[in-house]
Amino acid sequence: MDQMLRAADRDRDEVTEILREHYAQGRLTLEEFGERSAAAMAARTMGELQALTADLPASAEPENTAWSRTRMRWIAVAGVVATAIVLGIVTYAGHFALAWPTWLVILVAIRLLHGRRRTPHLRGSHEGRHAP
């Protein structure tokens, strides 16, 4: 990345957040955090921002394990099975017209699953932003 590129407010906010994380982990004192945060807000170029985090390790983004792919698949399978059972019961009972909410749930589930595959994996998209 060109060190002379102008920094945007979002870039300054990202560096301030990185500094906040390192302060919370004990890598920076309160005084250092205050000085670097003020310098981040006053920075005009990406080089100035990168210099503020050059001596800090690159922090990996925490991975959200609560909604792993395996868990999402099981939830989807359970939803489809439950929907099929409800649809079967309603159809067997002769009240197929009452099953429209089930079809709506199926269509929404298909859309969500289809959209999930298209979403690019964003982990690591911020790597290198604060490293020299």
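Quick caveat, the model's predicted, so the values are computed rather than measured.
No more than 12 heavy atoms of other residues, nucleotides or ligands sit less than 6.0 Å from atom CZ of R44. Other residues, nucleotides and ligands place no more than 12 heavy atoms under 6.0 Å from the OH atom of Y23.
Atom CD of Q50 is separated from atom CG of D11 by 9.5 Å, given to the nearest 0.5 angstrom. To the nearest 0.5 Å, the span separating CZ on R36 from CZ on R20 amounts to 15.0 Å. Note that the CZ atom of R12 and the OG atom of S37 stand 13.5 Å from one another [nearest 0.5 Å]. In this structure, E35 CD and L30 CG are separated by 10.0 Å, a value rounded to the nearest 0.5 Å. One finds the CG atom of L56 at 11.0 Å from the CD atom of E21 (value rounded to the nearest 0.5 Å). Summarising the geometry, atom CG belonging to L5 is positioned 8.5 Å from atom OG1 belonging to T45; distances are rounded to the nearest 0.5 Å.
Just one of V81, I75, V80 meets the side-chain contact (heavy atoms from CB on, under 4.5 Å) condition when paired with V77; it is V81.
Smallest separation of non-hydrogen atoms from V15 and A40: CG1-CB, 4.1 Å. Shortest non-hydrogen contact noted between R27 and P57 is NE-CG, 3.4 Å.
Although no hydrogens or angles enter the test, the distance criterion places a donor-acceptor pair under 3.5 Å between the side chain of T29 and the main chain of E32.
Between D13 and M41 there is a side-chain heavy-atom pair separated by less than 4.5 Å. Taking 4.5 Å as the limit, every side-chain heavy atom of L52 sits out of range of all side-chain heavy atoms of I18.
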